[in-house]
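Here is the naming used below: chain letters follow the sequence lines, and residue numbers restart at 1 for every chain.
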Amino acid sequence: MTAEPRTALTDLFREWIPQQRWFGGKGREWAGVTEDGFFLDRGNPVLSVHRVRIEYTDGGRDTYLVPLSWRDQHAEELESALVGAVSNEGRETYAYDAMRDRESTAPWLIHLAQGSSIGPMRFSPADEGHIPEGLPGDIVSTEQSNTSLVYGQEAILKLFRRLEPGLNPDVEIHRALRATDNEHIAPLLGHVEIDDAAGGEPATVAMLQTFVPNASDGWRLATASVRDLYAEGDLHADEVGGDFAADSRRLGAATASVHADMAQVLPTEEAAHDWFATVARQMSERLDAAIEIVPQLAEYAEGLRAVYAAVAESDEQVVRQRVHGDLHLGQVLRTATGWIILDFEGEPARPLVDRRELDTPLRDVAGMLRSFDYAARHLLVEQPEDSQREYRAQEWAARNRAAFCAGYSEASGLDPCGESPLLRAFEADKAVYECVYEARNRPHWLMIPLQSLSRITDRD
Amino acid sequence: MTVPVPDSPAAHSALPPPGSDPEWYKRAVFYEVLVRGFADSNADGVGDLRGMIDKLDYLQWLGVDCLWLPPFFASPLRDGGYDVSDYTAVLPEFGNIEDFHEFLDEAHARGMRVIIDFVMNHTSDQHPWFQASRSDPEGPYGDFYVWADDDTGYADARIIFVDTESSNWTFDPVRKQYFWHRFFSHQPDLNFENPKVREAIIDALRFWLDLGIDGFRLDAVPYLFEEEGTNCENLPRTHEFLKEVRKVVDTNYPDVVLLCEANQWPADVVEYFGENGDECQMAFHFPVMPRLFMAVRREQRFPISEIMAQTPDIPDNCQWGVFLRNHDELTLEMVSDEERDYMWGEYAKDPRMKANIGIRRRLAPLLDNDVNTLELFNALLLSLPGSPVLYYGDEIGMGDNIWLGDRDGVRTPMQWTPDRNGGFSTADPQRMYLPLNADPVYGYQVTNVESQLRNTNSLLQWLRRMIQVRGQHPTFGLGSYAEIGSRNPTVLSFVREFGDDVVLCVNNLSRFPQPVELDLRRFEGYTPIELTGRVEFPQIGVLPYMLTLAGHGFYWFELSKPTEPVVEETEDWASATSSAVADSLLAAGVVSDTEETPTDESGGTR
């Protein structure tokens with residue numbers, strides 16, 4: 001009944017999946033692939049959903065979710081979304097990437113509004129908020145690991161491509177935050193789960209959120225400000241028209257407000273004494289591994305170890321709580337009224353259980369501070385050395401980092417950027433991670449985190 | 001009041017018949033012109049009404065629909081004429097009532113309307129009413145002003161001219177009492193509690209209405225009444241009186257507009273429209289103006305988006321007045337402290353550029369005379385909701401003179417030609433009421449109407465073309481406003497929609513070229529046609545609509561409806577066959593059959 005190995009469809013997937021941006025196993029060799037699918041909608045076009053299990057020759061395995069739309073004639077305008085054709089008794093049936101076939105996007109919301117269960121899939125609407133059923137969805141073109149559909153100006157559906165057992169933190173946190181009416185998040189409208197065939201925890205398939213119209217992400221705003229500064233002949237960061245500090249300050253306040261509400265509605269725990277030692281050891285281990293990949297890191301190793309050692313000896317009072325986990329300027333949206341923080345799923349590359357662990361808000365603060373460094377310096381990448389710009393980048397980053405911290409501390413009463421060894425270590429740890437990432441993906445960007453490490457380790 | 005009032009309006013008016021266009025002000029382009037500063041017909045160094053008559057052809061050519069004249073009444077001129085000493089007399093150096101009447105007829109003959117400033121909150125201390133009030137407390141005018149034995153009353157009312165005044169009360173040595181004034185101490189506030197005052201003011205309004213004017217700009221209306229324990233602004237009695245004025249207008253003077261000057265937040269200003277549009281038909285939108293400047297300096301749209309989102313809906317028969325600059329300073333009352341510091345830092349680098357809580361500069365020098373920015377600002381002015389109000393001289397990019405006192409720096413004579421006194425006057429240059437601007441860039445030798453008339457690429461010619469384009473699309477005045485988001489924060493895009501008249505405006509607030517992807521799915525199948533050159537752009541589809549803009553560039557597009565209906569999907573394999581698709585997928589073993597349970601009864605998640 002279920003798909004047998006090597007049906008025509010798995011052949012198509014073998015060709016098609018490795019080319020998709022959301023596929024995280026690029027470069028790994030496939031040992032085998034199986035899939036099972038079921039109908040989500042038998043209208044026109046037919047919509048089916050498939051779980052595709054891929055085994056790699058390195059022993060790893062992943063399960064991806066692939067919705068397909070089916071037509072008995074090839075649709076010219078969907079050429080780029082074509083997955084392939086399946087033939088049966090001499091008749092061809094064409095399969096398309098359903099997320100890019102506008103006509104097959106409505107069923108997701110209809111089922112969510114109805115709270116349907118279809119096969120292993122369960123649709124759970126949130127208790128409040130309007131689900132705009134009947135509207136078609138349009139794909140958001142810029143995503144990496146997920147695929148999103150925007151329905152009118154009202155809702156956005158995010159499909160988590162890689163299935164993992166357990167509730168996705170993005171859904172979990174947004175659902176908990178509904179109780180707080182926090183104005184800095186986009187309210188959850190519902191989510192979709194799929195049962196595990198082997199009887200384990202269900203995996204999160206998708207979440208539906210209120211769409212934030214007329215918004216622009218923080219990265220674009222920040223880089224517009226930096227561009228403005230670079231274009232000035234002799235003005236300082238606080239003198240140019242494009243100064244971003246007021247926005248950074250509000251962003252700090254918004255972050256503090258979301259942290260406070262997360263601490264209120266989700267578990268917290270006083271950090272035990274040995275937690276510091278554990279954190280410090282983990283960071284040191286990551287550093288050791290990173291040096292293998294990025295030899296330039298060796299220069300800073302001693303300084304970094306000292307930074308981590310300070311954490312191990314710390315007697316800070318730390319209450320651990322749920323955090324965003326991957327906060328940076330690209331994860332925040334500026335609207336006409338203020339800042340919205342998005343994507344609470346943590347770093348998608350890390351296992352789900354790690355992402356749900358309690359941490360400290362300083363982790364997010366460190367992430368944002370690193371992001372200011374990136375925004376300030378990304379225009380210097382692949383440019384001839386220019387000490388003037390170098391200086392300005394430093395000035396811009398310092399000004400906006402300080403403004404972010406000031407906004408955070410005004411809203412929370414806690415100054416995250418005081419002399420906390422923990423924050424400094426988190427920033428260093430993040431920069432080390434960035435070095436590895438850049439060395440692998442964009443070697444010419446490596447200078448950004450390396451320079452930051454030079455600054456962090458140089459401070460004493 | 002012995003001036004004869006002619007009983008019939010102009011015989012040769014080019015305006016539509018009275019009563020046939022009561023909402024003309026919603027589509028109009030206004031032009032604020034100081035009589036003193038426009039043209040001098042009698043070589044005394046001061047502009048006058050006859051001089052203005054000579055320049056009406058120019059204003060008609062420019063495409064202006066309505067002139068707004070700040071006060072030209074008899075006045076000692078200690079506040080630019082806002083200190084009126086006779087509500088029904090023309091300041092002699094400007095001419096007389098006959099001159100005004102002729103000016104009005106000539107404007108009407110060219111299809112232009114005229115509204116005048118009326119200052120009802122206060123008079124000059126030279127007004128006979130005040131002189132009588134201070135010398136004869138028991139006389140008929142004794143109660144015309146707000147008198148008190150001490151200066152402790154209404155302590156919660158703020159002081160407006162913080163540069164010059166320390167209290168809202170001033171002691172009068174004649175009457176030996178304090179009088180109340182919200183503005184300068186030579187401008188005592190009238191006592192609107194007194195019915196005789198209200199009657200006298202309405203009589204004065206009638207005097208001008210009988211002459212045939214098309215409306216009033218009511219100056220400083222929030223302050224008419226005072227009440228202990230309040231900030232003495234926007235009080236209910238003030239609104240009551242304005243409704244009374246409106247009734248007088250509606251009953252006897254069709255097509256007359258009341259434009260209120262209330263420098264307040266939009267949410268408070270809307271009260272001046274009345275709940276049913278039964279107060280003033282127009283009010284200035286003050287906060288939008290500083291935010292245009294802020295948005296362009298910050299290179300992001302959010303300062304504008306924010307204030308537009310905070311702007312409430314207004315009654316159908318009402319309209320906002322929007323402006324970039326006027327005869328006052330660029331007021332910064334309607335911004336936060338942080339924003340004010342920002343504006344001062346960016347636009348008033350010299351302390352002399354600051355005045356009260358504002359910036360005393362003209363548009364062109366504020367924008368460093370950058371042509372692209374000037375065009376962008378004017379394009380925003382002409383396309384944002386509301387009726388645009390131009391300020392004389394800004395159409396040619398005149399400069400300011402920050403070395404002149406108070407707000408005189410933005411009130412220098414109009415620059416017509418490169419000749420003596422810029423063609424404004426044939427008098428001895430030393431007799432000018434204010435010196436002509438002689439700056440190497442903004443001075444009359446370079447910046448003047450004559451040279452810009454000759455150059456088809458001048459700011460003046462460009463602005464005229466844009467006014468013409470605006471006039472062809474009623475949606476600019478009447479349409480709804482909806483911002484179209486995009487990820488690019490430096491681009492402000494919005495759609496103005498009035499029935500089938502749909503216009504898309506896209507503005508690059510950054511000095512750098514920018515791309516933008518607009519979500520125009522709502523207009524799928526429409527064709528954008530650029531309004532200045534009528535060039536057709538690619539049809540709008542489902543995908544984000546991609547445009548690129550030059551630094552500070554902008555587009556106005558008409559969104560032209562598809563002429564043929566969008567072809568319906570050919571359903572030749574209708575739903576009957578789709579189950580065949582499903583069946584064949586089942587048969588091929590590609591998809592398994594599953595039970596569908598439309599509603600999870602037990603789940604109870606809803």
Side-chain angles (χ1 to χ4, degrees), chain A residues 1-4 7-9 36-39 42-46 48 50 70-73 86-89 91 93 102-103 111 114-120 122-125 127 138 141 150 152-153 213-217 220-221 224-225 227-228 231 239 241-243 246-247 334-337, chain B residues 294 296-302 304-310 338-339 342 345-346 483-490 510-512 517 519 521-522 542-544 569 571 573-575 577-582 584-600 603-606:
Chain A
M1 190 75 206
T2 49
E4 287 157 34
T7 59
L9 198 51
D36 69 288
F38 56 92
F39 290 118
R42 300 190 195 207
N44 174 16
V46 168
S48 66
H50 302 259
W70 299 89
R71 297 163 182 260
D72 61 0
Q73 288 182 340
V86 176
S87 68
N88 183 43
E89 293 170 357
R91 264 185 78 173
T93 311
R102 211 169 179 234
E103 287 168 34
H111 289 310
Q114 292 173 346
S116 311
S117 289
I118 296 168
R122 277 176 293 112
F123 291 79
S124 312
D127 295 338
D138 293 292
S141 56
V150 176
Q153 294 279 299
N214 193 19
S216 188
D217 68 66
R220 285 169 193 261
L221 276 160
S225 165
R227 206 170 282 123
D228 186 59
E239 293 172 332
D243 184 17
D247 267 318
R334 174 75 155 89
T335 72
T337 48
Chain B
M294 214 179 290
V296 171
R297 264 306 200 258
R298 285 210 164 135
E299 305 203 16
Q300 52 150 289
R301 66 175 182 268
F302 291 106
I304 300 172
S305 303
E306 262 172 10
I307 200 68
M308 295 313 293
Q310 283 170 28
E338 170 200 318
E339 291 168 336
Y342 178 84
E346 289 305 311
E483 215 173 295
I484 305 280
S486 84
R487 274 194 293 272
N488 190 332
T490 66
S510 160
R511 57 178 123 173
F512 304 111
E517 287 188 345
D519 175 1
R521 283 171 296 174
R522 199 156 69 79
V542 184
L543 297 174
E569 291 294 317
E571 299 279 335
W573 54 294
S575 48
T577 55
S578 75
S579 84
V581 172
S584 91
L585 292 173
L586 284 169
V590 170
V591 180
S592 61
D593 209 355
T594 44
E595 280 309 301
E596 180 168 339
T597 43
T599 313
D600 185 356
T605 46
R606 302 193 74 194

* Asked: To the nearest 0.5 Å, how far apart are CZ in B:R511 and OG1 in B:T490?
  -> 12.0 Å
* Structure fact -> dist B:I484:CD1 -> B:D519:CG (nearest 0.5 Å) comes out at 7.0 Å
Chain B: which of [options] shares the most heavy-atom pairs with it under 4.5 Å?
options: A:G152, A:S87, A:S48; value: A:G152
options: A:V86, A:T335, A:D228; value: A:D228
options: A:D217, A:V150, A:T337, A:D138; value: A:D138

State whether the side chain of [X] and the backbone N or O of [Y] hold a donor-acceptor pair below 3.5 Å, judged by distance alone.
X: A:S116; Y: A:I118; result: no
X: A:D36; Y: A:F38; result: no
X: B:S592; Y: A:G37; result: yes

Would you mind checking which part of [X] comes under 4.5 Å of any heavy atom in chain A, side chain (CB onward), backbone (N, CA, C, O), both or neither?
X: B:A309; result: side chain
X: B:R521; result: side chain
X: B:E483; result: side chain

* Any side-chain heavy atom of B:E517 sitting closer than 4.5 Å to one from B:N488? -> no
* Asked: Is there side-chain contact between A:T93 and B:L585, with at least one heavy-atom pair below 4.5 Å?
  -> yes
* Asked: B:E299, B:Q300, B:R301: which one forms the most heavy-atom pairs within less than 4.5 Å of chain A?
  -> B:R301
* **Which atoms of A:S225 approach chain B - backbone, side chain, both or neither, heavy atom under 4.5 Å** => neither
* Contacting region of A:R227 [heavy-atom separation from chain B under 4.5 Å] -> both
